[in-house]
Amino acid sequence: MAHAPEPGLKEALACVARDALLDHLQRGEPRHAVRLLVLGTARALGRAVCLDSVDAQGEYWHEGPPQPQPCTTLFLTRLAQPLGTVHVQGTCSTLALEAELQPVLASLSELLHQAGRAPAGAGRGAPQADLIRTALAGADTYVWEWTLDNDWLTDIDQGLQLLGWSASEVGHTQADWTRLIHPEDRDARQQACLRHQRGETAVYEHSYRMRAAHGEWRWMQERGRIVERHADGRPSRMVGTQADITQRRALEEAARETAHAQAASAAKTQFLARMSHELRTPLNAVLGFAQLMETDPQEPPAPGQLRRLQLVREAGEHLLHMINDMLDLTRIESGGMALQLEAVPLRAVAQQALDMVRGTADKLQVQLELQPGDELQAYADRTRTRQVLLNLLTNGIKYNRAGGRVTVTVGRAPDGWAAVDVRDTGLGIGEQALRHVFEPFHRGDQLGSGVDGAGIGLSVTRALVELMNGRVQASSSVGAGSLFSVLLPPA
Ligand code: ADP
């Protein structure tokens, strides 16, 4: 069984260990506490757990369900004396399991030891507070004891040490302790404690901030119970635990922020997808009618009107292109882009793409060329491969100069991948701009140059290539031209 530590599991197990020891402190029945511990551990792990032990009287003792199969067995000892065995459902590394269950095993050893000293039915054995403290230290937790009659916190040195103070600096009363609590948290803590004292809660539990010796605020989690009352019911002694949970809270906060950012990003993606989709319908109508008017034999437009209609259509087509790119980008981001991966003949697809941009190239007096070579197949999506090449070819043409050239080469890269190189003799891209060339809406040196573009083409290109398990590389030198290489897995 794979055994990856889960976030929160360590905390849950420490909590189970703490609760069992507190139960023992309150009831003085170690066997009851052991039962709680075995049950709680099984629940936290989500796996069957049982315990076998022999007490000081030689009585065999099984706790939990029958031994699960298969299982991992851990041996409990104390000062080289065997105390029992713990069986955990599933097979995994004993060392890893031992490390994970450390607070549970420490408490279990302590409780078994105490159960051995006080056999079942022998009544309340006095819990050994010192030993329990030692066991809990493994769970980064310390035990406090509060005598209410004289407001005395016994042995709080460990708790103060957690915060970098020494007991002589602070004092031993609840009032001394409270002085270190954040002023905003004092009242809520007192209310929680009073609720437990009045019997409204079974356990006193509260988290609050405390000032550490270096001045920073640390989050403390406190749990406790009244263990003794006067004859008239007034509480006289409370025992509890305290743990520094600052780091855990920071992790929780970071996880919340990440979830929040992901939700915001998903909402933005959804909004863009819907917007792009809604814009396409009226835009297609504009384009359709412009085309109809241009070619209407019944009412042919006057030459001036024809030119203006062409401008409407060209601007509309440009807008449609941008919207389609945007839709693709949002689809890829949201994982909604479906691909049909198959063996794609790269030279044939490159030829198709070249034919599609030939009109634009002629208009801008840019020559197109496909270098001779053998056909090569990539494992990719045919339509998306053509879209990628169209994007690169269009850029090579529009960021070129009259008399320039765009050359396509299909071949095998040194690592065996199928490669298509699109090389131009155009304007080139500066070093700084080249670093951001694949980022959405980045137009680099061409911002304000008058060449149409929205800066999405290359980000769509890269996203599509990566979706097809490939990669795209760019190199360029200003004034000499650029080279974009698409590398795809060979078929
Ligand atoms: P667009 O072309 O719509 O601006 P792209 O994402 O395709 O968006 O390109 C981003 C930017 O990268 C362009 O604005 C341009 O500055 C630069 N660029 C891309 N390809 C080339 C190229 N072949 N030659 C020079 N610059 C290029």
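We count ligands from 1, going down the list as the structure has it; atoms in each ligand are counted the same way. The analysis underlying the following values was restricted to heavy atoms, covering all of them including side chains, and did not include hydrogens, waters or symmetry mates.
- Atom 7 (O) of ligand 1 has Asn395 ND2, 2.8 Å as its closest protein atom, hydrogens excluded (heavy atom only).
- Counting only heavy atoms of the protein, atom 15 (C) of ligand 1 lies nearest to Gln446 CG, 3.5 Å.
- The pair Arg405-Glu369 meets the salt-bridge criterion, with a side-chain N (NZ, NE, NH1 or NH2) lying under 4.0 Å from an Asp/Glu carboxylate O.
- Comment: Asp328 does not engage Arg462 in a salt bridge, judged by the lack of any side-chain N to carboxylate O separation of less than 4.0 angstrom.
- Of the polar atoms of Gly457, at least one N or O is found under 3.5 Å from an N or O of ligand 1, judged by distance alone.
- Looking only at protein heavy atoms, the nearest one to atom 17 (C) of ligand 1 is Val437 CG2, 4.0 Å.
- At a heavy-atom cutoff of 4.0 Å, ligand 1 is contacted by the backbone of Ala454 but not by its side chain.
- Remark: Thr269 OG1 to Glu333 CD distance equals 4.5 Å, nearest 0.5 Å.
- At under 3.5 Å, a nitrogen or oxygen of Tyr399, whether backbone or side chain, sits near a nitrogen or oxygen of ligand 1.
- Between Trp217 and His182, the ring planes lie tilted relative to each other; the angle falls in the 30° to 60° range.
- When the heavy-atom distances from atom 14 (O) of ligand 1 to Arg462, His318, Arg443, His436 are ranked, the shortest goes to Arg443.
- A salt bridge links Arg189 to Glu222: at least one charged side-chain nitrogen sits closer than 4.0 Å to a carboxylate oxygen.
- Taking 4.0 Å as the cut-off between side-chain N and carboxylate O, Arg248 and Glu252 count as a salt-bridged pair.
- Considering each of Leu458, Thr394, Asp452, the one bringing a non-hydrogen atom nearest atom 5 (P) of ligand 1 is Leu458.
- Using a 4.0 Å cut-off between charged nitrogen and carboxylate oxygen, Glu100 and Lys10 do not count as a salt-bridge pair.
- In summary, the atoms of ligand 1 found under 4.0 Å from a heavy atom of Ile456, numbered by their order in the structure, are 6 (O), 8 (O).
- Shown here is Glu253, whose CD atom has more than 12 heavy atoms of other residues, nucleotides or ligands within 6.0 Å.
- Considering backbone and side-chain atoms alike, Ile429 places every N or O at 3.5 Å or more from each N or O of ligand 1.
- Salt-bridge check for Asp19 with Arg223: passed, with a basic side-chain N closer than 4.0 Å to an acidic carboxylate O.
- Near Gly428, meaning under 4.0 Å from one of its heavy atoms, ligand 1 places the atoms 25 (C).
- Polar contact with ligand 1: present for Asp424 (N/O pair, distance under 3.5 Å).
- Considering backbone and side-chain N/O of Phe484, none are found under 3.5 Å from N/O of ligand 1.
- Using a 4.0 Å cut-off to heavy atoms of Gly455, the atoms of ligand 1 that qualify are 1 (P), 3 (O), 4 (O), 6 (O), 8 (O).
- At a heavy-atom cutoff of 4.0 Å, ligand 1 is contacted by the side chain of Lys398 but not by its backbone.
- Shortest contact from atom 11 (C) of ligand 1 to any protein heavy atom: His442 O, 3.6 Å.
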